[in-house]
Amino acid sequence: MVESKQTCLRLEISGADPIFVKGTWHSSRFDISVTDGSSSWICNATDEEVAERAAQWDQPVSEYLQLAEQYLGFQQPDSVYGFSDALEGSKRLSWTFDKEGTKLEWRWKCKPSHDSKKITLGILDFLMQANIRLSEEVVSKTRSFEKMKSEAEKCLTQGEKICKEKMEFENETYANFLSVLNAKKAKLRALRDKEDSGRAVEEEESTDKAESFDSGRSDNEQSEEEASKKATSSKARGRKRAARS
């Protein structure tokens with residue numbers, strides 16, 4: 001068995017007081033109750049009436065009912081609604097809609113209710129139940145939101161903690177890296193200084209040896225020069241003695 005669906009609309013009509021329209025939607029028909037607070041009207045559309053109206057508009061019954069529920073379940077801003085007088089105390093409920101660029105109007109006749117109090121109380125009871133369900137839904141969604149908010153705050157706190165720990169780890173790792181790097185630099189610097197010092201000693205020793213060699217050679221040359229001068233002088237004196245004889 002297909003379940004029916006109920007809607008209730010506070011309908012604002014231009015130039016008139018608002019009315020309440022309660023609809024009960026079945027698979028092939030619908031029932032409408034209307035009240036202005038003091039009087040009430042009803043429209044019980046049968047299967048045959050709905051099928052006939054749908055055929056007039058070249059629509060399937062399901063599409064016709066869906067469109068009617070759309071306009072009587074929620075007030076459509078682009079539609080012009082009416083609730084005008086008809087014969088024998090009846091009212092004509094109407095609304096307009098656009099189809100393929102053409103503005104069309106649907107009308108249904110609502111007869112006076114034999115028990116306006118019952119109809120009005122039924123609509124008020126439906127509104128109260130709907131309000132209770134709405135309140136419960138709001139409370140439920142508020143609790144869900146608060147729970148989600150709490151979970152989000154926990155996730156945010158945990159994320160901040162992880163981020164902080166990550167930064168501390170990165171800083172510590174970088175500090176250790178710098179320490180190792182500086183130690184290696186210091187070791188390389190010491191090795192380079194040691195190497196430079198050894199090279200300087202070698203160069204100094206090499207310079208001393210060169211200077212010693214140069215000094216020794218100069219002394220030998222000086223001795224040979226003096227010997228040569230003595231020999232030359234001796235020869236000269238010998239020749240002088242020979243000449244005198």
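Residue numbers run from 1 in the order of the sequence given. Worth knowing before you read on, the calculation uses all heavy atoms, side chains too, and leaves out hydrogens, waters and symmetry mates.
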- Query: Aromatic rings Trp41 and Phe83: how do their planes relate, parallel, tilted or perpendicular, breaks at 30° and 60°?
  - Reply: perpendicular
- Message: Given 3.5 Å as the limit, does a donor-acceptor pair link the side chain of Thr96 with the main chain of Val80, or not?
- Response: yes
- Task: Give a yes or no on whether Phe126 and Phe30 share a hydrophobic cluster (residues Ile, Leu, Val, Met, Phe, Trp, Tyr; joining criterion: side-chain heavy atoms under 4.5 Å apart).
- Result: no
- Query: Would a distance-only check, ignoring hydrogens and angles, find a side-chain to backbone donor-acceptor pair under 3.5 Å from Ser90 to Leu87?
  - Reply: yes
- Answer yes if the side chains of Ser4 and Thr24 hold a donor-acceptor pair under 3.5 Å, and no otherwise. no
- Item | ILVMFWY network linking Leu104 to Leu93, side-chain heavy atoms under 4.5 angstrom | yes
- Message: Quick check for you: to the nearest 0.5 Å, what is the distance between Ser38 atom OG and Lys117 atom NZ?
- Response: 14.5 Å
- Return yes if some donor-acceptor pair links the side-chain N/O of Gln75 with the main-chain N/O of Glu12 below 3.5 Å, else return no. yes
- Asp36 and Ile19 have their tightest heavy-atom pair at CB-CG2, 4.1 Å
- Query: Would you say Glu49's side chain and Thr46's backbone share a donor-acceptor pair under 3.5 angstrom?
  - Reply: yes
- For the residue pair Tyr71 and Tyr81, categorise the inter-ring angle as parallel (less than 30°), tilted (30 to 60°) or perpendicular (more than 60°). tilted
- Backbone N/O of Leu178 and side chain of Asn182: donor-acceptor pair under 3.5 Å: yes
- What residues, two or more places apart in sequence or in another chain, satisfy salt bridge (Lys or Arg N to Asp or Glu O under 4.0 Å) together with Glu105? Arg107
- Item | Flag for Ser40-Ser116: side-chain donor and acceptor within less than 3.5 Å | yes
- Query: Quick check: does any side chain N or O of Thr173 sit under 3.5 Å from a backbone N or O of Phe169, one acting as donor and the other as acceptor?
  - Reply: yes
- Approximate separation, where rounding is to 0.5 Å, of Gln6 CD and Gln129 CD: 11.0 Å
- Atom pair CG/OG of Asp47 and Ser27 - distance to nearest 0.5 Å: 7.0 Å
- Query: Side chain of Ser150, backbone of Glu146: donor and acceptor closer than 3.5 Å?
  - Reply: no
- Query: Can you find a pair of side-chain heavy atoms, one from Gln70 and one from Phe97, that are under 4.5 Å apart?
  - Reply: no
- Query: Taking C-beta and beyond as the side chain, do Leu191 and Glu195 meet within less than 4.5 Å on heavy atoms?
  - Reply: no
- Query: Residues sharing Leu127's hydrophobic cluster, by side-chain heavy-atom contacts under 4.5 Å among ILVMFWY, directly or via others?
  - Reply: Phe20, Ile42, Ile119, Ile123
- Message: Please determine whether the number of non-hydrogen atoms from other residues, nucleotides or ligands lying under 6.0 Å from atom NZ of Lys164 exceeds 12.
- Response: no
- Message: If you define the side chain from C-beta out and look only at heavy atoms, does anything of Val34 sit under 4.5 Å from Leu11?
- Response: no
- Message: If hydrophobic clusters are built from ILVMFWY residues whose side chains come within less than 4.5 Å, do Trp25 and Trp106 share one?
- Response: yes
- Apply the test side chain to side chain contact (heavy atoms under 4.5 Å, CB included) to residues His26 and Asp31: give CA-CA distance (whole Å), side-chain angles for both, the deciding distance (0.1 Å), then the verdict. CA-CA 8 Å; His26 304 277; Asp31 301 317; 3.6 Å; yes
- Note on the structure: Between Asp85 and the options Lys91, Lys109, Arg92, the salt bridge (Lys or Arg N to Asp or Glu O under 4.0 Å) test singles out Lys91
